[in-house]
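What you see below is based on every heavy atom in this structure, not just the backbone, and it leaves out hydrogens, waters and symmetry mates. Lettering of chains follows the sequences in order, A, B, ..., and the numbering in each one begins at 1.
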There are 4 protein chains.
Amino acid sequence: MPTAEPPARPIGRGAKVRTAVHAATVAELLDKGYAALTVENVAQRAGVHKTTVYRRWVDRDRLLVDALAEHMSADIPVPDTGAIETDLRALAHSIVQTFSSPTGQAILAAMFTGAAHLPEIAEARRQVFDDRLARAEPAVTRAIDRGELARDTDAAEVLKTLVAPIYLRLLLTAEPVDETTADNAVQVTMAAARAGLLRTASADVPASE
Amino acid sequence: MPTAEPPARPIGRGAKVRTAVHAATVAELLDKGYAALTVENVAQRAGVHKTTVYRRWVDRDRLLVDALAEHMSADIPVPDTGAIETDLRALAHSIVQTFSSPTGQAILAAMFTGAAHLPEIAEARRQVFDDRLARAEPAVTRAIDRGELARDTDAAEVLKTLVAPIYLRLLLTAEPVDETTADNAVQVTMAAARAGLLRTASADVPASE
Amino acid sequence: MPTAEPPARPIGRGAKVRTAVHAATVAELLDKGYAALTVENVAQRAGVHKTTVYRRWVDRDRLLVDALAEHMSADIPVPDTGAIETDLRALAHSIVQTFSSPTGQAILAAMFTGAAHLPEIAEARRQVFDDRLARAEPAVTRAIDRGELARDTDAAEVLKTLVAPIYLRLLLTAEPVDETTADNAVQVTMAAARAGLLRTASADVPASE
Amino acid sequence: MPTAEPPARPIGRGAKVRTAVHAATVAELLDKGYAALTVENVAQRAGVHKTTVYRRWVDRDRLLVDALAEHMSADIPVPDTGAIETDLRALAHSIVQTFSSPTGQAILAAMFTGAAHLPEIAEARRQVFDDRLARAEPAVTRAIDRGELARDTDAAEVLKTLVAPIYLRLLLTAEPVDETTADNAVQVTMAAARAGLLRTASADVPASE
DNA sequence: GACTAAACGAGACGGTACGTCGAGTCTTTGT
DNA sequence: ACAAAGACTCGACGTACCGTCTCGTTTAGTC
C-alpha cells in the first residue's frame, strides 16, 4: 500500500515528485544494481533532495519495494484466446519475455536482494506476485466454464504449476529461459490438469472422478 | 570444496580458524539475519580478530557464500527405495524439511539477499543448487534402468519439475510447504514424465507419437 | 545591509564545532602526546562524532596543524618599551615562558613530530613561525627610527639571531631555558647588530670597513 | 669441533644482520620518509625477516634512532687550521653541507618526526647532537691556548652560538642555508666571543671587562 | 492578489560498518 | 638451539552511506 493520502491540502503537489523518484529508483536499480543503489543518487537523479525522499518513504528498502510494485503492477495483458492451452502459452511467454531481459533480471534480483529482513518486504514481494497470479486467474475460470477443465480445478494451482519451472530457472539455475521453456511448462501443466492433479484443496484427497 | 588450498604449510593451522569462522557465520546469520550480519560480530563469535577474517575472505558476501556452500554441501541423503515414485517423494520431503525450518528459511533468504551484485555470488548460488541436483540424478537413472521411465528421459528435467513448485512456494508465495506440497509435486512430475514431456533436449523436437 | 551577505548560511553553525574540536585537539595533545592522539578521542572530547571531524579536516595531521596554528596565532604581545634592548628582552622572555612550560614543550614537540611527510605541514609550521616573527618586526623598525640601530639593519635577521639560541636549546639540547638564556641571547644579538652584522641582503656583500 | 670455530656462530652472523638492517633503515628513510617507514619494508630490504628485526630492536623508533646514531657518528672532520675563525668557518660549512642535501634533510626531519613520545628518543637525539659538539670543542680549546679567545670562554657556548642560526633555518624557516649563512654565523659568534659574552657559567655573574 | 502553512532545498550531523594498514606477539617448522 | 616464516591480535585509520535534524525558501491553495 503505497502512499494513500486522504485529500487533505497538498494534492497536486507531491505527485510529480513521487513519480520522478519512482522512475529514478528503477533507473538506478537497473544501472547500478541493488547494492549500489543509494538514496542520495536516486534523489539526485530525480532532481530532488535526499530529505524529500526520506519525507515520503521511511526507508531505502521501502522506497525500492514501492517503486518496483508500481513498476510491475502496470499493464499485464491477460490473454483470452478462447482456448486454455493458448492462453497459458501466452501467459508463459509474457513472463519469459518480461524477466529474461536485462531489465527484468535486475528487477528480479532486486526483489530478492532487498528481501529477508523486514517481513514487510517479503510480504510486499509476495503481494506483487499474488497480484499477478490473481489477474491471470480469469483465464482458467473461463476454461472451466468452457468445459476444458474440470469444475473443481484450482486456478491458482494451475498457474503456479505453469510458472514454477520458469521461476526456478530464473532464480536458481542460470539457464536461459526461452519459448521452449515456456512451451514445456504449458505441456506439463496441461498434463497435470487433465490428470486431475490441480484441484481445489477440498478435493486433494481424491475420492472418485 | 569452495576454497581448495594447495597443500602449502598452513594445513593444521588455519583450518581451525576456517571452521570456527564458518560456524560463527552461519550462527550469526541464523540469529540476526543477513542484514545484521557484521564481520566484527562473526569474528568475535569465532573468537578471532576481524583482520583475520579479512585475510581469508575478501568480502563479507564472499564469506557468507563460502560458509553457506560448505554448510549445504553436507549430507544429502540420496534415496534408493527401488521405485522412482517413492524415491522422488523422499527427495521432495527432504527439501521441504530442510527449508521449512527457521534455519532453512534463514539460509534460503541469505542466499538471495546477498545476491545481485558480484556475478560471482549468483554463480555460487547456482553451483550449490546444481550440485544438489547432480547428486540426486542417480535416482532417475536407476528408474530408467529399471524400465520405469523412458530411455530418453532427462534426469535433470525430472528433478527440476519436481522441485520447481516447492521452491516457488518457498521463495515467492509465502505458503507453508508441507508433505502435501511435496506429494503433489511428485504426482505432477510422474504424470509429466509418463506423458513423455521430460525427455532429453534432442528429443524435444517430437518425432514419434 | 541586506545585500552584504556573501558568507551563506553555515556561519554560526559549524563554528562551534570547529572551536570545540580545536580545543579538544590541543587538550588531547597536551594530555597524551602526539603519538597517542586519536581522531576518535579528539572527537569524543569535543562532544562530536568522528565523521564530523573528517568532514572538516582531511587528515589527522591537518587537524593538528590547523589547531596548533590557531592556538599559536593568538595574542602575541609585541613589546614597546622605548628601547630596543628591553624590547628584545621582553620578546625573548616571552618565548622562553611560552615554550618552557609543559604545554609549550608538548606543542613544540607536536609541531615537529607530525612533520616531515606532507610538505604542506612543514609549510604550515614555517608559516606559524614566520607569522610570529613578522609581528615582532615593528619593535626593530622602531629602534631604527629612534636611531638605536643602523638604517639598513635587517629586522628579520635581528629577530632570528635573537631566537636561534633559544630554539636550539628547546629543540636540540635539552638544557633548561630560563631568563639567563634569554638575556644572553639579547646581548649576543645586540653585539651583532651594533657590529653591523645583521644588515639587509643588499649589504651582505660588505664594501666598507 | 668446539675449538675449530673461533668466531663462533652468533658473532659473525648477527653482525651482518645488524649492518644490513641499519643500512636498509637509512635507505628506506631516505626513499620514503619517516611516515612511510615500515619495519616490514626495512626487513625485506635487508633480506631479513621481520621477526629478526624485532629480536634485536624493541621498537621501530629505537631501530631508527640506532641506525641514525650510527650513521651520524661517522666521519666528523674536526678542523684545525691554526686560527679559530677559519676553524669555525670550516665547521659551519660542514654542517651546512651535511644538512642542506636532500639526504641530510631527510635525516633531520626523521630525527624530529619520531620524537615526542619516548623521552628515550629525545634523549638519543640530544646525545647525537652533544656528541658532535663535544668532538668540535678542541677547536675552541686550542684557540684559547693560542690566546685568540679569553681563558674563561665557554667552548660549548661558542659552538652553540655558531650553529644556532643554522639549525634555526634548517628546522623552522625554510630558507636555503648556504655558505653565506655559515659565514654570517661565524662573524656573529666571533663578535659575541670577543665581547666576552660566551664565558663559562661561573663567569656569567662578574661584569668586569 | 496577498497570506499562510505545508513541502522542499541545502547541508551538517550522529551513527554503524566497512575494508585497510601497520605494529608487535606467538607458533610452527626446518636446520 | 636458533631463527625463518607466517598467522594472529590489536588498535587506529579513513570512507561510505544511512537516516535525522534545523533552518531558510518556495509554492500551492485559501481568503
Side-chain angles (χ1 to χ4, degrees), chain A residues 5 7-14 16-17 35-41 43-44 47-63, chain B residues 8-18 35-44 47-61 63, chain C residues 5 8-10 12-18 35-41 43-44 47-63, chain D residues 9-10 13-14 17 35-41 43 47-61 63:
Chain A
E5 293 294 293
R9 207 65 60 68
I11 283 210
R13 182 133 73 202
K16 239 180 314 180
V17 169
L37 187 148
T38 59
V39 174
E40 194 120 23
N41 286 351
Q44 195 170 332
V48 147
H49 200 266
K50 193 173 88 161
T51 336
T52 300
V53 173
Y54 276 111
R55 256 190 285 268
R56 291 183 185 281
W57 293 273
V58 270
D59 228 40
R60 191 184 62 140
D61 288 316
R62 256 54 154 251
L63 165 61
Chain B
R9 201 79 50 65
I11 279 219
R13 180 137 64 201
K16 239 180 311 181
V17 169
R18 204 183 133 79
L37 188 147
T38 318
V39 173
E40 193 119 26
N41 286 351
V42 167
Q44 195 169 331
V48 147
H49 203 268
K50 191 174 86 160
T51 36
T52 297
V53 174
Y54 278 112
R55 243 190 302 276
R56 291 180 184 283
W57 294 273
V58 271
D59 229 40
R60 192 185 59 141
D61 289 316
L63 165 61
Chain C
E5 293 296 287
R9 205 89 46 65
R13 180 132 70 193
K16 240 180 310 181
V17 169
R18 206 183 134 79
L37 187 146
T38 318
V39 172
E40 193 120 25
N41 286 352
Q44 195 169 332
V48 147
H49 203 268
K50 191 174 86 161
T51 35
T52 298
V53 174
Y54 278 112
R55 249 189 294 270
R56 292 182 184 281
W57 294 273
V58 271
D59 230 38
R60 192 184 59 139
D61 289 317
R62 262 37 162 260
L63 165 61
Chain D
R9 202 75 58 70
R13 173 132 81 201
V17 168
L37 188 148
T38 61
V39 173
E40 194 119 24
N41 286 351
V48 148
H49 199 267
K50 194 173 88 160
T51 344
T52 301
V53 174
Y54 276 112
R55 248 190 295 276
R56 293 182 185 280
W57 293 272
V58 271
D59 229 41
R60 190 185 63 141
D61 289 317
L63 165 61

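Across the protein-nucleic acid pair, C/His49 atom NE2 and F/dG19 atom P stand 16 Å apart, rounded to whole Å. Protein atom CH2 of B/Trp57 is 15 Å distant from nucleotide atom P of E/dC18, rounded to whole Å. Atom pair B/Arg55:CZ and F/dC10:P shows a separation of 12 Å (rounding to whole Å applied). Computed from coordinates, the C/Tyr54 OH to E/dC18 C1' distance equals 14 Å when rounded to whole Å. Rounded to whole Å, the distance from NZ on B/Lys16 to P on F/dC8 is 10 Å. Taking atom CD of A/Gln44 as the reference point, atom C1' of E/dA10 lies 13 Å away to the nearest angstrom. In this entry the distance linking CZ of C/Arg62 with C1' of F/dC13 reads 14 Å, nearest Å. In this structure, the CG atom of B/Asp59 is 17 Å from the P atom of E/dA17, given to the nearest Å.
Residue order along DNA chain E, read from the 5' end via each residue's closest nucleotide, puts A/Gly47 first among C/Val48 and A/Gly47. Of the residues near DNA chain F, A/Glu40 and C/Val58, the one whose nearest nucleotide (by heavy atom distance) lies more toward the 5' end is C/Val58. Along DNA chain E, the nucleotide nearest D/Leu37 and the nucleotide nearest B/Leu37 are compared for position; the residue whose nucleotide lies closer to the 5' end is B/Leu37.
Among the nucleotides F/dG14, E/dT20, E/dG24, the one closest to any side-chain atom of B/Lys50 is E/dT20. Here the nucleotide nearest the side chain of C/Thr52, chosen from E/dG19, F/dG19, E/dG14, is E/dG14.
For E/dC8, the OP1/OP2 oxygens have a side-chain nitrogen or oxygen of A/Arg56 closer than 4.0 Å.
Annotation: the span from B/Thr51 atom OG1 to B/Arg55 atom CZ amounts to 5.0 Å, rounded to 0.5 Å.
A donor and an acceptor atom sit less than 3.5 Å apart, one in the side chain of D/Thr51 and one in the base of F/dG6.
For D/His49 against D/Ala43, the heavy-atom pair with the smallest separation is C-CB, 3.9 Å. In terms of heavy-atom proximity, A/Leu37 sits nearest to A/Arg60 at O-NH1, 3.0 Å.
Side-chain atoms of B/Thr38 do not come within 3.5 Å of backbone N or O of B/Asn41 as any donor-acceptor pair. Checking side-chain atoms of C/Arg18 against main-chain N and O of C/Arg56 turns up no donor-acceptor pair under 3.5 Å.
D/Thr38 comes within 4.0 angstrom of the backbone, heavy atoms only, and of no base. Using a 4.0 Å heavy-atom criterion, one finds that C/Arg60 contacts the sugar-phosphate atoms exclusively.
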